[in-house]
Amino acid sequence: MGGVSGHLPGRPPSRRRLDSPPQPSSRVKMRLSRYFLPILRETPKEAEIVSHRLMLRAGMIRQEAAGIYAWLPFGLRALAKITQIVREEQDRSGALELLMPTIQSADLWRESGRYDDYGKEMLRIKDRHERDMLFGPTNEEMITEIFRAYVRSYKDLPLNLYHIQWKFRDEVRPRFGVMRSREFLMKDAYSFDLDAEGARHSYNKMFVAYLRTFSRLGLTAIPMVAETGPIGGKLSHEFIILASTGESEVYCHKDYLSFAPPSETIDFDDKAAVQAIVDRWTSLYAATSEKHDAAAFAALPEAARVSARGIEVGHIFYFGTKYSEPMKALVSGPDGKEHAVHGGSYGIGPTRLAAALIEANHDEAGMIWPEAVAPFKIGLANLKIGDSATDAACGRIYAALEKAGVDTLYDDRDERPGAKFATLDLIGLPHQVLVGPRSLAEGKVEVKERRSGARELVSVEDAIRRFGGKTEN
RNA sequence: CGGGGCAUAGCGCAGCCCGGUAGCGCGGAAGUUUUGGGUACUUCAGGUCGCAGGUUCGAAUCCUGCUGCCCCGACCA
């Protein structure tokens, strides 16, 4: 896309995460005694589903109003890990990040006709001059406005712009914590192509990027044919992860569960290769209850039928000229005529994903973060603060991991061992290093894997090496 | 948006029916104790009883209105 002029000086294209919310701390280590992790021992009564309960208990989120949450430091770290993976895979597919505002002018929505169509889910507000404004529930109008302001030629296509921003939908009944909140973080990408064929490729690229994204997050997400809803359009898939606490009934072929995700080396410009991946991932039966075809499902071999509950974590649409026609987003084609561009939009909800990840990864004791999104990789617990041997061993491990850049949370609180075990299990860091006088008497510390519960006694040096640190001698 | 419920200390709750100026557990602070799976005990701090009216000598308690939140359903990333 070289035709658009106007580079901002001194502001190189950035993949830095600080440019859009959330803004995570860059710290890789933390002493729990200086951290803000307001653990609740009892479960707040309003929390119905496990992810909501655990997020409140672990001090990740704080409800400020119905369906509106503050993200506390530990929660924000998880959210930041999620958005970073989403961002990297969007970038890899060729999409470009920008950032649009949360507040929009009603006039924009009058152009597309959706100001009247959207209904009460849209939060309408007035500014001091009595102008009609709104808190954006989505950004098709705005991105179309930006596009049409600059892009005139098919030579600047295809183009895919995305942002990661807060949205607001005034749900009648928000529930399940951040799983279905009114304010929520959303990655939404918008593609622009000269024609339907090009748009199909843009759609396919996002399809593949989504498979990679969810796979990297440690989730098995299955694309299912979906209703297009108020966004409108013709082609649409929901990406659903299976979880026993999922909100909706889903049906799919068992083989989807063992499909390998697209490779990191996929060439997104190779139309045939990208199409082949999409074809493969849409070749078998998969549908939510709304689109379920009982007869087709029954035709599958019994052993291949998976009937489960699922959580929607992504949704992609191709909607053609739905916005470009009324909003006059036109480009000159090679034929010299003006064409309304073909568009698509592609959403992933990181805040919802945080909850979905917990739904899919927890046990009785608490959460179990997958490595890729764990707020910290290691939980280091000093079981007897003030003991010179444990203090020294923890100090060595902590310093070595810090030096190696391994995200480490060091529980240096003056608490009983039991409280530390319970806290570490609750917050679900993938690895625990437990340092107490008993094992240290034999020169060992205990390494515990949170997911399996497997424990192992190893030397301090081995513990450091195991997690990528270097020992000093 | 229909139906139901709740609002008392940071969290979970009792007290309300039958009005008399607020209590328990957890958590917090101080201390003793304990030292590998949320130890036990002692002391302390902490509440305009959601808000506004009304009834009454007196309201957390009875009445009216409002607000907030939760649950079921319909709806939805």
Side-chain angles (χ1 to χ4, degrees), chain A residues 38-49 52-53 56-57 59 62-68 86 118-122 137-139 165-188 210 221 224 226-231 236-241 246-248 288-290 310-317 345-356 364-366 381-387 390 411 413-426 432 434-441 444-446 448 453 455 457:
Chain A
I39 299 272
L40 300 178
R41 199 160 164 174
E42 291 177 74
T43 301
K45 64 171 177 179
E46 73 269 17
E48 282 289 301
I49 61 170
H52 192 194
R53 284 203 298 269
L56 289 170
R57 284 200 54 213
R62 164 92 187 159
Q63 180 170 329
E64 293 299 335
I68 298 178
V86 170
Y118 216 91
K120 291 193 170 179
E121 278 199 349
M122 185 156 75
T138 182
N139 289 67
Q165 176 63 294
W166 296 100
K167 296 189 165 191
F168 193 92
R169 289 182 194 167
D170 200 357
E171 296 281 348
V172 196
R173 192 184 161 209
R175 61 181 126 173
F176 304 145
V178 296
M179 185 74 81
R180 184 156 166 212
S181 51
R182 292 195 293 171
E183 187 181 54
F184 55 98
L185 197 62
M186 190 81 163
K187 183 289 297 181
D188 40 328
Y210 275 35
M224 300 192 182
E227 301 284 354
T228 50
I231 306 287
S236 178
H237 285 90
E238 292 178 356
F239 287 76
I240 306 271
I241 62 164
E247 63 210 323
S248 51
T288 60
S289 52
E290 297 90 52
I311 300 171
E312 181 185 346
V313 290
H315 204 159
I316 60 178
F317 302 89
S345 67
Y346 316 90
I348 291 179
T351 44
R352 157 173 275 221
L353 258 178
E364 289 297 305
N382 184 341
L383 301 183
K384 190 170 184 182
I385 288 288
D387 178 286
T390 61
D411 189 348
R413 298 171 303 163
D414 187 10
E415 286 286 346
R416 302 207 21 114
K420 300 199 175 195
F421 296 142
T423 296
L424 281 182
D425 285 348
L426 172 64
Q432 301 175 5
L434 310 171
V435 182
R438 206 165 76 186
S439 53
L440 209 53
K444 305 279 189 181
V445 298
E446 188 171 324
K448 174 179 161 184
R455 305 142 180 259
L457 284 172

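Per chain, numbering begins at 1; letters A, B, ... match sequence-line order. Please read these numbers as outputs of a predicted model, since none were measured by experiment.
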[X] side-chain proximity, nearest of [options]:
| X | options | answer |
| --- | --- | --- |
| A:Arg173 | B:G37, B:C71, B:C70 | B:C71 |
| A:Val172 | B:C1, B:C70, B:C75 | B:C1 |
| A:Glu446 | B:A77, B:G36, B:A74 | B:G36 |
| A:Arg180 | B:A77, B:C75, B:C71 | B:C75 |
| A:Arg455 | B:C70, B:G37, B:A77 | B:G37 |
| A:Ser181 | B:C69, B:C72, B:A77 | B:A77 |
| A:Phe184 | B:C71, B:C69, B:A77 | B:A77 |

Quantified in whole Å, what is the [atom1] atom distance between nucleotide [N] and nucleotide [M]?
| N | M | atom1 | result |
| --- | --- | --- | --- |
| B:U61 | B:C75 | P | 41 Å |
| B:U43 | B:C6 | C1' | 35 Å |
| B:C63 | B:C16 | P | 14 Å |
| B:C76 | B:G4 | P | 25 Å |
| B:G23 | B:G15 | P | 16 Å |

query = Any side-chain heavy atom of A:Phe421 within less than 4.5 Å of one from A:Glu415?
reply = no
message = Is the shortest side-chain heavy-atom distance between A:Thr43 and A:Arg57 below 4.5 Å?
response = yes
All N/O pairs under 3.5 Å across the protein-nucleotides 27-35 of chain B interface:
unit_1: B:G27; atom_1: OP1; unit_2: A:Arg41; atom_2: NH1; d: 2.6
unit_1: B:U34; atom_1: O2; unit_2: A:Arg416; atom_2: NH1; d: 2.1

Find the partner of [N]: check Watson-Crick (N1-N3 plus N6-O4 or O6-N4) and G-U wobble (N1-O2, O6-N3) distances, both under 3.5 Å, and reply none if neither fits.
| N | result |
| --- | --- |
| B:C24 | B:G12 |
| B:C1 | B:G73 |
| B:C62 | B:G54 |
| B:U34 | none |
| B:G68 | B:C6 |

query = What is the distance from atom CZ of A:Arg413 to atom OG1 of A:Thr423, rounded to the nearest 0.5 Å?
reply = 4.0 Å
query = Checking side chain to side chain contact (heavy atoms under 4.5 Å, CB included) for the pair A:Asp425/A:Lys448: CA distance, chi angles, key distance, verdict?
reply = CA-CA 10 Å; A:Asp425 285 348; A:Lys448 174 179 161 184; 3.1 Å; yes
remark   = In B/S/- notation (B base, S sugar-phosphate only, - none; protein heavy atoms under 4.0 Å), nucleotides 9-16 of chain B written 5' to 3' is --BSS---
For [X], give me all partners under salt bridge (Lys or Arg N to Asp or Glu O under 4.0 Å), at least two apart in sequence or on another chain.
| X | value |
| --- | --- |
| A:Glu171 | A:Arg180 |
| A:Arg175 | none |
| A:Lys167 | A:Asp188 |
| A:Arg455 | A:Glu446 |

task = Return the value, rounded to whole Å, for the distance between atom CZ of A:Arg182 and atom P of B:C69.
result = 7 Å
request  = Report the C-alpha distance between A:Ile348 and A:Val313 in whole Å, list the side-chain angles of each, state the deciding distance to 0.1 Å, and finish with yes or no for side chain to side chain contact (heavy atoms under 4.5 Å, CB included).
outcome  = CA-CA 6 Å; A:Ile348 291 179; A:Val313 290; 5.9 Å; no
request  = Please determine if a side-chain N or O atom of A:Lys420 lies less than 4.0 Å away from the OP1 or OP2 oxygen of B:G37.
outcome  = no
ask   = Of A:Gly349 and A:Gln63, whose nearest nucleotide on RNA chain B comes first from the 5' end?
value = A:Gln63
ask   = Does A:Asp411 offer a backbone N or O that forms a donor-acceptor pair with the side chain of A:Lys420 under 3.5 Å?
value = yes
